Amino acid sequence: MTINIKKCTIKDLRILQEICYETFDETFKDQNSPENMKTYLERAFNLKQLKKELSNISSQFFFVYYNDEVAGYLKVNTDDAQSEKKGDEALELERIYIKNKFQRHGLGKYLLDKTMEIAMKNNKKEIWLGVWEKNENAIAFYKKVGFVHTGAHSFYMGDEEQIDFIMMKTLK
Ligand SMILES: CC(C)(COP(=O)(O)OP(=O)(O)OC[C@H]1O[C@@H](n2cnc3c(N)ncnc32)[C@H](O)[C@@H]1OP(=O)(O)O)[C@@H](O)C(=O)NCCC(=O)NCCS
């Protein structure tokens, strides 16, 4: 079994789009209407939007490979790319998605370690994220790796207002 990581570039746009769609769909389709899913997927992961995010110097995307297959991806933001104003000492873990069939193999932890490495190299004091209050698996994972619940904000899934918990991990 081998695990590898690669930083995405603009050349990876199509593969990135595929994994964004696939992982978001399998994670949330059972708890959301098909209309809201469709609206969200098209808005968040159209090529123009992803190209813009990939070109932002304050955002980084990575693929994680399990035995040479793309198994998941990570997106981290600093400075103005953060989806909330948390300042220049914070790093946002915006997306961490592992395909269903590769979950519970240590890949999420591997991407979290990468996030911590980037945060520490850039002298950040904390890592924060927003997670849907009903995403129990992700919340359990985040607690396991040391995040604590610090607040909440609204998030729109299509026309439905949902609550995201804000979770934070302070770096020593
Ligand atoms: C949440 C997610 C990233 C976790 O990644 P993963 O590769 O499955 O997790 P790992 O195998 O690296 O687990 C790391 C640790 O967390 C624990 N863990 C993982 N998922 C857990 C869960 N649902 N409940 C309890 N513990 C969990 C593991 O047991 C492991 O603990 P250990 O080190 O003591 O063995 C992954 O399940 C995922 O992509 N889910 C769907 C997408 C999603 O919801 N992303 C977050 C959006 S905010």
Side-chain angles (χ1 to χ4, degrees), residues 1-8 12 15-33 36-41 43-45 49-50 53 59-78 81-84 86 90-119 126-158 160-171:
M1 184 270 281
T2 56
I3 300 177
N4 286 302
I5 192 164
K6 187 190 92 142
K7 187 168 174 183
C8 301
D12 300 309
I15 300 170
L16 179 65
Q17 185 186 40
E18 255 171 53
I19 193 156
C20 287
Y21 258 84
E22 180 181 339
T23 53
F24 195 90
D25 191 58
E26 57 181 24
T27 304
F28 298 115
K29 69 169 183 260
D30 293 343
Q31 290 167 287
N32 290 281
S33 71
N36 283 344
M37 287 295 291
K38 187 167 180 288
T39 306
Y40 186 87
L41 287 167
R43 184 172 58 77
F45 303 133
Q49 177 62 27
L50 286 178
E53 292 177 25
S59 294
Q60 299 183 60
F61 287 88
F62 296 87
F63 290 144
V64 63
Y65 296 84
Y66 189 83
N67 290 339
D68 298 330
E69 192 179 334
V70 178
Y73 77 102
L74 169 72
K75 182 185 181 202
V76 297
N77 300 321
T78 54
Q82 297 178 90
S83 34
E84 276 193 11
K86 298 280 187 196
L91 176 141
E92 179 185 14
L93 171 50
E94 187 186 354
R95 297 187 189 273
I96 182 168
Y97 283 80
I98 306 295
K99 289 183 188 175
N100 274 353
K101 66 173 175 171
F102 293 113
Q103 287 175 14
R104 305 299 278 258
H105 287 64
L107 298 177
K109 178 71 170 44
Y110 186 87
L111 290 180
L112 193 266
D113 288 346
K114 180 71 187 176
T115 306
M116 301 221 338
E117 182 193 310
I118 296 169
E126 62 193 28
I127 300 172
W128 73 276
L129 57 89
V131 55
W132 188 25
E133 61 177 345
K134 293 188 181 161
N135 189 350
E136 290 170 7
N137 278 328
I139 292 169
F141 165 76
Y142 292 135
K143 283 186 179 159
K144 185 77 204 264
V145 295
F147 282 81
V148 294
H149 182 176
T150 56
H153 67 193
S154 280
F155 166 89
Y156 275 87
M157 171 67 103
E160 188 188 326
E161 186 178 5
Q162 301 184 344
I163 302 296
D164 265 3
F165 290 156
I166 304 292
M167 298 184 79
M168 196 158 295
K169 184 177 170 76
T170 305
L171 301 172

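Below, each value reflects all heavy atoms present in this structure, side chains not excepted, and no hydrogens, waters or symmetry copies. From a predicted model like this one, the values you see are computed outputs, not experimental measurements. Read the numbers this way: they start at 1 and go in the same order the structure lists the ligands and their atoms.
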**Item:** Proximal atoms of ligand 1 relative to Lys144 (non-hydrogen, under 4.0 Å)
**Value:** 15 (C), 16 (O), 17 (C), 31 (O), 32 (P), 34 (O)
**Asked** Which word best sums up how the rings of Tyr97 and Phe28 line up, parallel for under 30°, tilted for 30 to 60°, or perpendicular for over 60°?
**Response** perpendicular
**Request:** Within a distance under 4.0 Å of any heavy atom of Ala138, pick out the atoms of ligand 1 and give their elements.
**Result:** 1 (C), 44 (O), 46 (C)
**Distance-only side-chain donor-acceptor flag, Glu94 / Ser83, under 3.5 Å** = no
**Prompt:** With atoms numbered from 1 as shown, which atoms in ligand 1 lie under 4.0 angstrom from a non-hydrogen atom of Asn135?
**Reply:** 43 (C), 44 (O), 47 (C)
**Prompt:** Does a side chain donor of either Asn32 or Gln162 reach within less than 3.5 Å of an acceptor in the other side chain?
**Reply:** yes
**Prompt:** Is atom NZ of Lys143 surrounded by more than 12 heavy atoms (other residues, nucleotides or ligands) closer than 6.0 Å?
**Reply:** no
**Request:** Heavy-atom distances under 4.0 Å are what count here, so tell me which part of His105 touches ligand 1: side chain, backbone, both or neither.
**Result:** backbone
**Ion pair check, Glu53 and Lys75, cut-off under 4.0 Å** = yes
**Prompt:** Which protein heavy atom lies closest to atom 12 (O) of ligand 1, and at what distance to 0.1 Å?
**Reply:** Lys109 N, 2.8 Å
**Fill in**
of all protein heavy atoms, closest to atom 40 (N) of ligand 1 is Gln103 NE2, 3.3 Å
**Prompt:** Would you say Phe102 has any N or O atom under 3.5 Å from an N or O of ligand 1, going by distance alone?
**Reply:** no
**Asked** Does any donor atom in the side chain of Gln82 or Trp128 lie under 3.5 Å from an acceptor atom in the other side chain?
**Response** yes
**Asked** Can Lys101 and Glu69 be counted as an ion pair, charged N to O under 4.0 angstrom?
**Response** yes
**Request:** Quick one: look at Tyr142 and ligand 1, take heavy-atom pairs under 4.0 Å, and tell me if it's side chain, backbone, both or neither.
**Result:** side chain
**Request:** Starting from atom 8 (O) of ligand 1, find the nearest protein heavy-atom neighbour and note its residue, name and distance.
**Result:** Arg104 N, 2.8 Å
**Asked** Which protein non-hydrogen atom lies closest to atom 14 (C) of ligand 1, naming both residue and atom, and how far is it?
**Response** Phe141 CE1, 3.7 Å
**Request:** Flag yes if more than 12 heavy atoms outside Tyr21 fall under 6.0 Å of its OH atom; otherwise flag no.
**Result:** yes
**Request:** Tell me which one of Gly72, Ala71, Gly108 gets a heavy atom nearest to atom 5 (O) of ligand 1.
**Result:** Gly108
**Message:** I need the contact type for Asn137 against ligand 1. Using non-hydrogen atoms and a strict under-4.0 Å cut-off, is it side chain, backbone, both or neither?
**Reply:** both
**Request:** Number the atoms of ligand 1 from 1 as they appear, then name those within less than 4.0 Å of a heavy atom of Gly106, with their elements.
**Result:** 10 (P), 11 (O), 12 (O)
**Message:** One residue to check: Leu129. Relative to ligand 1, which of side chain, backbone, both or neither has a non-hydrogen atom less than 4.0 Å away?
**Reply:** neither
**Asked** Would you say Lys99's side chain and Ile19's backbone share a donor-acceptor pair under 3.5 angstrom?
**Response** no
**Message:** Thr27 versus ligand 1: do any nitrogen or oxygen atoms come within less than 3.5 Å of each other?
**Reply:** no
**Request:** Give the residue and atom name of whichever protein heavy atom lies nearest to atom 45 (N) of ligand 1, and the separation in Å to one decimal.
**Result:** Ile96 O, 2.8 Å
**Request:** Fit a plane to each ring of Tyr40 and Phe45, take the angle between them on a 0 to 90° scale, and name the class: parallel (under 30°), tilted (30 to 60°) or perpendicular (over 60°).
**Result:** perpendicular
**Prompt:** Can you find an N or O of Tyr110 that's nearer than 3.5 Å to an N or O of ligand 1?
**Reply:** no
**Message:** For the 3.5 Å polar cut-off, considering only N or O atoms, please tell me whether Ile98 and ligand 1 meet it.
**Reply:** yes
**Asked** What atoms of ligand 1 come closer than 4.0 angstrom to any heavy atom of Ala140?
**Response** 22 (C), 24 (N), 25 (C)
**Request:** Kindly check if the number of other-residue, nucleotide or ligand heavy atoms within 6.0 Å of CG (Asn67) is above 12?
**Result:** yes
